[in-house]
Amino acid sequence: MSDTFADQCADASSDPWMNGLPVDTHIQMCTSEFLVINDQTYRAHLTELRDHKMVVFKKASDGVEYVYVPMTTDLVEQAIGITEAEIAH
């Protein structure tokens with residue numbers, strides 16, 4: 001899940017006012033990349049990250065559930081072992 005999720009993490013963490021990414025949208029992205037097959041496997045993959053507060057699930061006032069990464073882009077890159085040189089390639 002690292003490439004798609006890393007991209008979304010970077011996008012979400014660059015704007016502190018952003019709600020995050022709608023969970024349904026992220027699940028669709030992950031299933032289209034064959035990273036997960038359904039909601040259950042998606043949540044199973046993110047359980048460890050959620051347990052360590054690296055990923056936060058929250059519901060907005062409109063009832064939409066969002067996934068948010070409460071870290072800076074640099075911290076996300078360090079966590080998944082990506083350097084700027086690797087991103088450029």
Side-chain angles (χ1 to χ4, degrees):
M1 261 175 93
S2 63
D3 291 338
T4 301
F5 194 60
D7 292 341
Q8 297 308 317
C9 292
D11 290 346
S13 65
S14 65
D15 182 358
W17 299 108
M18 187 173 168
N19 283 332
L21 187 66
V23 169
D24 290 343
T25 301
H26 197 226
I27 291 171
Q28 288 174 351
M29 293 169 64
C30 292
T31 55
S32 71
E33 294 290 326
F34 301 102
L35 301 172
V36 300
I37 58 171
N38 57 29
D39 178 79
Q40 185 177 5
T41 56
Y42 170 83
R43 291 180 187 279
H45 281 291
L46 294 182
T47 297
E48 187 73 20
L49 296 174
R50 188 193 69 224
D51 290 349
H52 293 284
K53 296 183 174 67
M54 296 173 73
V55 171
V56 176
F57 289 93
K58 62 182 178 178
K59 273 202 175 170
S61 58
D62 61 0
V64 175
E65 185 177 25
Y66 290 87
V67 60
Y68 174 73
V69 178
M71 293 187 265
T72 64
T73 302
D74 291 338
L75 205 52
V76 171
E77 290 170 355
Q78 287 176 358
I80 60 175
I82 294 177
T83 64
E84 286 186 29
E86 291 171 328
I87 292 171
H89 287 64

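Nothing fancy with the numbering, it's 1 onward along the sequence. Note: hydrogens, waters and symmetry copies are ignored here, and every other heavy atom, side chains too, is used.
Summarising the geometry, atom NE2 belonging to H26 is positioned 10.5 Å from atom OG1 belonging to T31; distances are rounded to the nearest 0.5 Å.
For the side chain to side chain donor-acceptor pair (under 3.5 Å) test, no residue two or more places apart in sequence or in another chain qualifies with D24. Partners of Q40 under the side chain to side chain donor-acceptor pair (under 3.5 Å) rule, at least two apart in sequence or in another chain, do not exist in this structure. With sequence neighbours excluded, the residues that form a side chain to side chain donor-acceptor pair (under 3.5 Å) with E65 are R43. Take D51 and apply the side-chain contact (heavy atoms from CB on, under 4.5 Å) test, not counting sequence neighbours, and it matches T47. Looking at residues two or more places apart in sequence or on another chain, you find a side-chain contact (heavy atoms from CB on, under 4.5 Å) between V56 and P70. Every residue was checked against the salt bridge (charged side-chain N to carboxylate O under 4.0 Å, His left out) condition with R50, not counting sequence neighbours, and none meets it. Qualifying side chain to side chain donor-acceptor pair (under 3.5 Å) partners for T41, counting only residues two or more places apart in sequence or in other chains: N38.
In terms of hydrophobic clustering, with Ile, Leu, Val, Met, Phe, Trp and Tyr side chains grouped at heavy-atom distances under 4.5 Å, I37 and V67 are assigned to different clusters.
Residues Y66 and L21 have side chains not in contact (no heavy-atom distance under 4.5 Å, counting atoms from C-beta outward). Y42 has its side chain out of reach of L35: every pair of non-hydrogen atoms, C-beta onward, lies at least 4.5 Å apart.
What you find for V55 and V69 is that their closest heavy atoms are CG2-CG2, 4.5 Å.
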